[in-house]
Amino acid sequence: MVTGGAGFIGSHVIRTLINNHPDYRIVNVDKLTYAGNLENLRDVENASGYRFERADICDYNRICEIIDHYSIDGIIHLAAESHVDRSIVDPFTFAHTNVMGTLSLLQAARTRWEALPDGYNGKTFYHISTDEVYGALPADGGFFTEETPYSPHSPYSASKASSDHFVRAYHDTYGMPCIITNCSNNYGPNQFPEKLIPLFINNILHHRPLPVYGAGLNVRDWLYVEDHARAIDLVFHNGRAGATYNIGGFNEWRNIDLVRLLVKVTDRLLGRPEGDSLPLITFVTDRKGHDLRYAIDSTLLSRELGWTPSLQFEEGLEKTVRWYLDNPEWVGNVTSGEYQKYYETMYGSRKNL
Ligand code: NAD
Ligand code: TYD
């Protein structure tokens, strides 16, 4: 079971699993919020082992039903509210989905798996989390390691930290085989255009302002989404139960430098003169509680499981910009809710199983 498989990272995870393990039965459990779009999976939706179940992870009974029906023996949990700015406006929704939803999923897996003759044997509950749980680093040095104490600042990171604690509690209390990975900022195709990179590509395309928060000096560590999906496949199959692994690309960028590079690449691909869109950069009021710097040390994952990122940043950025420029109707339909309406009609009242 992959939860949140219709979202940005989840759709890449499902595609990676289908490609790498064609014999698997994979059930995508997704509520299809504003951020979830089955359009992201159009190219793999007819794969023989793939099924979609529209369900809310907070709906305990329905999740139990799905676990039983498909004899689920592994869960990769990505379903979440994921945007920091939304969490600042509406923290309740983040606590509900990210904390209560994760708890409901853990409890459903526990009760169903404990009832089986072989119990937890061969089962895995894998939670996809974020580096934001560790708080913020100073500008001049240091990395988050797996031992860094949790110190979340935003309602989003507080909700993810809380859900990580519940996952560990299920491992420590009930012996459930659980794994957590904490990853840095992802970028790539199919990311909802409210996050920095896709929002700015779309704004450059339409000659709209590029709202850089504060002075643009905050630092993020960027990883191409397919490299993250590959790491997830590897950890799901080879990670140690009870372990935490950090995932990151050793690829730190100050926001302002990233935005200048993005302008350069996008202008070039649009055939505009170099620097044409730089005047669109607009410094706006800073995000409340804006974490200064994230930087991940992913040495443990490389050492234990041999994972390293495959793409250079400029290469990944160019692939990403190209994808957004080639798919303007995707951007239009996700932002207008057109796909939402379409799938509402298809799946609104239908219960699969
Ligand atoms: P996203 O917002 O693009 O997708 C989230 C998906 O979860 C959507 O398909 C949505 O419909 C689904 N969902 C939301 N609430 C649900 C519910 N109650 N029941 C079932 N499905 C529900 O998010 P993303 O960027 O793909 O992130 C996926 C996961 O990875 C999240 O847990 C996030 O915290 C984590 N993560 C993201 C990043 C990043 O840079 N995007 C980095 C590290 C970790
Ligand atoms: P974002 O993509 O929202 O990811 P996160 O907050 O999870 O790191 O933002 C990345 C960085 O870009 C972050 O420092 C906030 C900044 N930012 C802007 O300056 N302007 C924007 O419009 C957005 C969405 C983000």
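Under the 4.5 Å side-chain heavy-atom criterion for Ile, Leu, Val, Met, Phe, Trp and Tyr, Val235 and Ile26 are members of the same hydrophobic cluster. There is a path of hydrophobic side-chain contacts, each under 4.5 Å, that joins Ile256 to Val321. With hydrophobic clusters built from ILVMFWY side chains whose heavy atoms lie under 4.5 angstrom apart, Val265 shares a cluster with Trp253. Linking ILVMFWY side-chain heavy atoms closer than 4.5 Å, directly or via other members, places Val263 and Phe283 in a single hydrophobic cluster.
Residues Lys319 and Leu311 meet the side-chain proximity criterion, which asks for heavy atoms closer than 4.5 Å. His12 has its side chain within reach of Arg15: a pair of non-hydrogen atoms, C-beta onward, lies under 4.5 Å apart. Inter-residue side-chain proximity for Glu194 and Asp85 is flagged as unmet; no heavy-atom pair is nearer than 4.5 Å.
Of all heavy-atom pairs between Thr308 and Ser302, the closest is CG2-OG, 4.5 Å. The minimum heavy-atom distance between Pro91 and Pro155, with the atom names listed, is CB-CB, 3.9 Å. Closest of all the heavy-atom pairs between Asn190 and Ser11 is CB-OG, 4.4 Å. Tyr126 approaches Ile180 most closely through the heavy-atom pair CE1-C, 4.4 Å. In terms of heavy-atom proximity, Thr282 sits nearest to Pro209 at OG1-CB, 3.6 Å. The minimum heavy-atom distance between Asn255 and Leu196, with the atom names listed, is OD1-CD2, 4.3 Å.
Distance alone, capped at 3.5 Å, is enough to place a donor-acceptor pair between the Glu146 side chain and the Asn246 backbone. Remark: the backbone N or O of Asp221 is paired with a side-chain donor or acceptor of Ser184 at under 3.5 angstrom. A donor-acceptor pair is defined here as one N or O able to donate and one able to accept, closer than 3.5 Å; no such pair exists between the side chain of Arg254 and the backbone of Val219. Remark: side-chain polar atoms of His237 are paired, donor with acceptor, to backbone N or O of Asp233 under 3.5 angstrom. Side chain of Lys341 to backbone of Tyr339: no donor-acceptor contact under 3.5 angstrom is found. The main-chain N or O of Val99 is never found under 3.5 Å from a side-chain atom of Ser159 such that the two would form a donor-acceptor pair. Between the side chain of Asn28 and the backbone N or O of Gly5 there is at least one donor-acceptor pair closer than 3.5 Å.
Checked against the 6.0 Å centroid threshold, His165 and Tyr150 count as a close aromatic pair. Ring to ring, Phe143 and Phe250 are close: their centroids are under 6.0 angstrom apart.
Classification of Asp56 and Arg62 as a salt-bridged pair fails, no side-chain N sitting under 4.0 Å from a carboxylate O. Using a 4.0 Å cut-off between a side-chain N of Lys or Arg and a carboxylate O of Asp or Glu, Glu226 and Arg230 do not qualify as a salt bridge.
With a 6.0 Å radius and a threshold of 12 heavy atoms from other residues, nucleotides or ligands, Lys195 has its NZ atom above the threshold. By the 6.0 Å contact criterion, CD on Glu329 is enclosed, its count of non-hydrogen atoms from other residues, nucleotides or ligands being greater than 12. Remark: Tyr174 OH is packed, more than 12 non-hydrogen atoms of other residues, nucleotides or ligands lying under 6.0 Å away. The number of heavy atoms from other shown groups lying within 6.0 Å of CD (Glu114) is above 12.
Ring-plane geometry between His21 and Tyr24 is classed as parallel, the angle between the planes falling under 30 degrees on a 0 to 90 degree scale with a further cut at 60. Tyr324 and Trp330 have perpendicular rings, their planes meeting at more than 60° on a 0 to 90° scale where under 30° would count as parallel.
With values rounded to the nearest 0.5 angstrom, Ser104 atom OG is found 8.0 Å from Tyr60 atom OH. Annotation: the span from Lys264 atom NZ to Glu274 atom CD amounts to 5.5 Å, rounded to 0.5 Å. Atom CG of Leu301 is separated from atom CD1 of Ile247 by 5.5 Å, given to the nearest 0.5 angstrom. Put simply, CZ on Arg112 and CD on Glu65 are 10.0 Å apart, with the number rounded to the nearest 0.5 Å. Separating the CG atom in Asn202 from the CD1 atom in Ile197 is a distance of 14.0 Å, to the nearest 0.5 Å. Once rounded to the nearest 0.5 Å, the distance linking CG of Leu280 with CG of Leu210 reads 5.0 Å.
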TODO: Please test Thr244 against Arg168 for side chain to side chain donor-acceptor pair (under 3.5 Å), starting from the C-alpha separation and ending with a verdict.
DONE: CA-CA 10 Å; Thr244 287; Arg168 277 199 196 95; 2.8 Å; yes
- [ ] Could you walk me through whether Glu132 and Val84 pass the side chain to side chain contact (heavy atoms under 4.5 Å, CB included) test, one step at a time?
- [x] CA-CA 10 Å; Glu132 305 193 22; Val84 174; 3.4 Å; yes
- [ ] Take Lys160 and Thr102 through the test side chain to side chain contact (heavy atoms under 4.5 Å, CB included) and record every step on the way to the result.
- [x] CA-CA 9 Å; Lys160 292 297 288 187; Thr102 301; over 6 Å; no
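For Thr145 and Asp297, the side-chain atoms include no donor-acceptor pair closer than 3.5 Å. With 3.5 Å as the limit, one finds a donor-acceptor pair spanning the side chains of Asp267 and Ser277. With 3.5 Å as the limit, one finds a donor-acceptor pair spanning the side chains of His207 and Arg272. Residues Ser129 and Asp164 bring a donor and an acceptor atom of their side chains to less than 3.5 Å of each other.
Judged by a 6.0 Å distance limit and a 45° cone about the ring axis, Arg220 is not positioned over the six-membered ring of Tyr187.
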